[in-house]
Amino acid sequence: MIEAAVVKSIAVELGFAACGIAKAERLPESEYPLEEWLARGYNADMQYMERNIEMRRDPRLLVEGARSVISLLVLYKSDRVMEGRGKIAQYAYGEDYHERLKRMMYSLMALIKERYPDFEGRPFVDTAPISDRHWAVRAGLGWIGRNTLFVHPRYGSYCFLGEIVTTSTVDCYDTPMELSVEDETHSGLIADPQPTTCISPKQDSSMNCGCGSCRLCLDACPNKAITIMESGAPMLDARRCTSYNTIENRADRLPDELDTRGYAYGCDICQMVCPYNRHAPASFHLDDQRKAELESLTNSDDIVFSGFTKHSAMSRIKYWQWRRNVDICK
Ligand code: B12
Ligand code: SF4
Ligand code: SF4
């Protein structure tokens, strides 16, 4: 058995913004309505989301003998942003987050093992069949907002999520955050309780969510890509979303009706309007040189583009996709 407090304090020393630990269990359909999302065709051409459905629900099928999920947050809000045509979403300004989180998680696992030699675990970030957001919720770190992203009450949604699935048990498990609707600052969890527009005295869905009556992200999306289900849960139709179209869509031509608002890689609009993000601290410094490099990509050739994006999240797309995206930027 490992001690939660020890793991969390090592995680924070290593630079993780937050760490929570949940029991490894199956996520029920009511909490993770993946089949409904797929049935509606909301996954567009992301066929990988149709595979390993049961594994996506149950981390014990991903890691044999899994008992616990250690959920970890790394922040990426930038102190300034690109403007105009050919914008790149903030999460891709710096080093590829897959590489960064994996490196940090391996360091964490090594330090846990020093203290608990029986400890075994596997780190995951983004690409494995496991829902990063739901485990962050289960580990008591925040909730899933109406923009469908994980929101931390202090750090907002500009955070990467990763998890270590381990066969070890933990002395004390976290549970989903209790969000009191009577207390506008959610039991004092919000350091700066300014996002008052966002908090209503009544929660309007059965979900454990800190969004209150706020709809800023839904209204701001230029493509109306997010729908609120009868249950109150948000669902994103990837076919309409700029992020999907500029990153995952492999078609020669993007939908004519897509309104990218100048984004050529990813999209931050439903995050920029979120009060929790406006008040979150910046953790990435976009210096003049990096900003100029990012901005000059609109005029780059194949060799420059591939070299620049090699260790960036942008390596997910090929040069021809980049050109296609820049060309349709409105
Ligand atoms: C597929 C995918 C995408 C797709 C689809 C996005 C989506 N919302 O599903 C596309 C390509 C569009 C995409 C875009 C982006 N993505 Co993405 N993506 C993923 C991936 C691989 C899987 C997500 C998934 O399972 N979707 C399935 C369906 C079922 O989810 P859904 O429609 O949103 O359904 C919701 C409801 O079911 C709701 N719900 C219903 N009932 C209930 C009940 C309860 C109690 C609760 C809690 C919830 C709930 O919960 C679901 C989640 O919101 C994850 C990594 C991972 N392995 O988890 C990253 C991930 C979600 N993406 C991430 C990021 C950063 C982005 C972008 C911000 C990048 C950008 N700037 O362009 C955008 C954001 C767009 C948006 N508003 O979501 C981060 C999000 C971090 C965070 N704070 O949440 C993740 C977690 C990667 C990571 N490890 O950091 N992404
Ligand atoms: S990422 Fe952009 S297009 Fe996608 S849901 Fe958010 S605002 Fe809409
Ligand atoms: S903008 Fe409002 S509704 Fe959307 S995620 Fe943020 S708090 Fe929730």
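One-based numbering, in listed order, for ligands and for the atoms of each. The shown structure was predicted, so the numbers you read here are calculated from the model rather than taken from an experiment. These numbers come from the heavy atoms of this one structure, side chains and all, not from hydrogens, waters or symmetry mates.
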Practice task
Please check if any side-chain donor atom of Ser168 sits under 3.5 Å from a side-chain acceptor atom of Asp118, or the reverse.
Solution key: no

Practice task
Indicate whether the side chain of Asn43 and that of Glu50 have a donor and an acceptor atom separated by less than 3.5 Å.
Solution key: yes

Fill in the blank from the handout: Heavy-atom proximity to atom 5 (C) of ligand 1 ranks first, among Asn249, Val125, Val74, Leu236, for Leu236

Practice task
For ligand 1, find out whether one of its N or O atoms is nearer than 3.5 Å to an N or O atom of Glu248.
Solution key: no

Practice task
Would you mind listing which atoms of ligand 2 come within a distance below 4.0 Å of any non-hydrogen atom of Asn223?
Solution key: 3 (S)

Exercise for the section: Please determine if Glu248 and Arg316 form a salt bridge, counting it only when a charged side-chain N lies under 4.0 Å from a carboxylate O. Expected result: yes

Practice task
Mark the output for Tyr42 as yes if a heavy-atom distance to ligand 1 is under 4.0 Å, and as no if none is.
Solution key: no

Exercise for the section: Answer yes or no for Cys217: is there an N/O/S atom below the 2.8 Å cut-off from atom 8 (Fe) of ligand 3? Expected result: no

Handout entry: Protein contact to atom 4 (Fe) of ligand 2 [nearest heavy atom, distance to 0.1 Å]
Key = Cys241 SG, 2.4 Å

Practice task
For the residue pair Ile70 and Cys19, establish whether any side-chain heavy-atom pair is separated by less than 4.5 Å.
Solution key: yes

Problem - Atoms of ligand 1 close to Gln271 [distance to a heavy atom under 4.0 angstrom, numbered from 1] - result: 68 (C)

Practice task
Output the list of atoms in ligand 1 that are nearer than 4.0 Å to some heavy atom of Met49, sorted by atom number.
Solution key: 24 (C), 25 (O), 26 (N), 27 (C)

Problem - Heteroatom distance test (Ile247, ligand 1): nitrogen or oxygen, under 3.5 angstrom - result: no

Problem - Contacting atoms of ligand 3, where contact means under 4.0 angstrom from a heavy atom of Arg146 - result: 3 (S), 5 (S), 8 (Fe)

Handout entry: Close N or O approach (Tyr48, ligand 1; < 3.5 Å)
Key = no

Practice task
Please could you name the atoms of ligand 1 that Gly266 approaches to less than 4.0 Å, counting only its heavy atoms?
Solution key: 72 (O)

Problem - N or O contact, Phe150 vs ligand 1, cut-off under 3.5 Å - result: yes

Practice task
For the pair Arg80 and Asp288, evaluate salt bridge (Lys or Arg N to Asp or Glu O under 4.0 Å) and give the outcome as yes or no after the intermediate values.
Solution key: CA-CA 10 Å; Arg80 57 182 179 155; Asp288 290 343; 2.3 Å; yes

Practice task
Quick one: look at Thr242 and ligand 2, take heavy-atom pairs under 4.0 Å, and tell me if it's side chain, backbone, both or neither.
Solution key: both

Problem - Selection from Tyr155, Tyr91, Trp37, Tyr263 by shortest heavy-atom distance to atom 32 (O) of ligand 1 - result: Trp37

Practice task
Answer yes or no: is there a donor N or O on one side and an acceptor on the other, between the side chain of Arg250 and the main chain of Gln321, under 3.5 Å?
Solution key: no

Practice task
May I ask you to check if ligand 1 and Asp268 share an N or O to N or O distance below 3.5 Å?
Solution key: yes

Problem - Any Arg85 side-chain heavy atom under 4.5 Å of Val326 side chain - result: yes

Exercise for the section: Determine, considering heavy atoms only, which of Cys270, Gly156, Cys211 sits nearest to atom 8 (Fe) of ligand 3. Expected result: Cys211

Problem - Closest protein heavy atom to atom 2 (Fe) of ligand 2, given as residue, atom name and distance to 0.1 Å - result: Cys267 SG, 2.3 Å

Problem - Heavy-atom side-chain contact between Val170 and Val7 under 4.5 Å - result: no

Exercise for the section: State whether a side-chain donor-acceptor pair under 3.5 Å links Asp287 with His285. Expected result: no

Exercise for the section: Using distance alone, decide if ligand 1 has a nitrogen or oxygen within less than 3.5 Å of any nitrogen or oxygen in Asp126. Expected result: yes

Problem - Whether Asn147 lies under 4.0 Å from ligand 2, heavy atom - result: no

Problem - Numbering as shown, the atoms of ligand 3 that approach Cys274 to under 4.0 Å (heavy-atom distance) - result: 1 (S), 6 (Fe), 7 (S)

Practice task
Using a strict cut-off of less than 4.0 Å between a Lys/Arg side-chain nitrogen and an Asp/Glu carboxylate oxygen, indicate whether Lys113 and Glu120 qualify as a salt bridge.
Solution key: yes

Handout entry: Cluster check Leu101, Val165: I/L/V/M/F/W/Y, side chain < 4.5 angstrom
Key = no

Exercise for the section: List every atom of ligand 2 that sits less than 4.0 Å from any heavy atom of Cys221, numbering the atoms from 1 in the order shown and giving each element. Expected result: 3 (S), 5 (S), 7 (S), 8 (Fe)

Fill in the blank from the handout: The atoms of ligand 3 lying under 4.0 Å from a heavy atom of Tyr276, numbered in the order shown, are 7 (S)

Practice task
Could you tell me whether Ala238 and ligand 1 have an N or O pair separated by under 3.5 Å?
Solution key: no

Problem - Proximal atoms of ligand 1 relative to Cys270 (non-hydrogen, under 4.0 Å) - result: 77 (N)

Problem - Enumerated ligand 1 atoms positioned under 4.0 Å from heavy atoms of Ser157 - result: 83 (N)

Practice task
Using a strict 4.0 Å cut-off to heavy atoms of Ile269, name the atoms of ligand 2 that fall inside it.
Solution key: 7 (S)

Problem - Check ion pair Asp268-Arg261 (N to O, under 4.0 angstrom) - result: no

Problem - Carboxylate-amine/guanidinium proximity below 4.0 Å for Arg40 and Glu36 - result: yes

Completion exercise
The atoms of ligand 1 lying under 4.0 Å from a heavy atom of Ala233, numbered in the order shown, are 39 (N), 40 (C), 41 (N)

Problem - Nitrogen or oxygen of Arg133 less than 3.5 angstrom from that of ligand 1 - result: yes

Exercise for the section: Any atoms of ligand 1 less than 4.0 Å from a non-hydrogen atom of His134? List them with their elements. Expected result: 48 (C), 50 (O), 51 (C), 52 (C)

Exercise for the section: May I ask you to decide if the ring planes of Tyr91 and Phe160 are parallel, tilted or perpendicular, using 30° and 60° as cut-offs? Expected result: perpendicular

Problem - Whether His134 and Tyr32 hold their rings parallel, tilted or perpendicular, with breakpoints at 30° and 60° - result: tilted

Exercise for the section: Inspect the contact between Glu35 and Arg57 and indicate whether a charged nitrogen and a carboxylate oxygen are less than 4.0 angstrom apart. Expected result: yes

Exercise for the section: Could you see which bit of Cys159 sits under 4.0 Å from ligand 1, with heavy atoms only: side chain, backbone, both or neither? Expected result: both

Exercise for the section: Test Asp237 against Thr227 for side chain to side chain donor-acceptor pair (under 3.5 Å), laying out the working first. Expected result: CA-CA 8 Å; Asp237 182 352; Thr227 306; over 6 Å; no

Handout entry: Flag side-chain contact, heavy atom, 4.5 Å: Leu286 against Val81
Key = no

Exercise for the section: Could you pull out, from Val137, Leu34, Thr148, the option with a heavy atom nearest to atom 33 (O) of ligand 1? Expected result: Thr148

Practice task
With heavy atoms only and a cut-off of under 4.0 Å, state how Leu236 meets ligand 2: side chain, backbone, both or neither.
Solution key: side chain

Exercise for the section: Tell me whether Cys214 has at least one N, O or S atom under 2.8 Å from atom 2 (Fe) of ligand 3. Expected result: yes

Practice task
Decide whether the shortest distance between a heavy atom of His152 and an atom of ligand 1 is less than 4.0 Å.
Solution key: no

Exercise for the section: Using a strict cut-off of less than 4.0 Å between a Lys/Arg side-chain nitrogen and an Asp/Glu carboxylate oxygen, indicate whether Lys87 and Glu83 qualify as a salt bridge. Expected result: no

Handout entry: Ring centres under 6.0 angstrom apart (Tyr276, Trp143)
Key = yes

Exercise for the section: Using a strict cut-off of 4.0 Å, indicate which atoms of ligand 1 neighbour a heavy atom of Ile130. Expected result: 56 (C), 57 (N), 58 (O)

Practice task
For Ser30 and ligand 1, answer yes if some heavy atom of the residue is under 4.0 Å from a ligand atom, otherwise no.
Solution key: yes

Exercise for the section: Apply the salt bridge (charged side-chain N to carboxylate O under 4.0 Å, His left out) test between Asp174 and each candidate in Arg138, Lys8, Lys23; give the one that qualifies. Expected result: Lys8

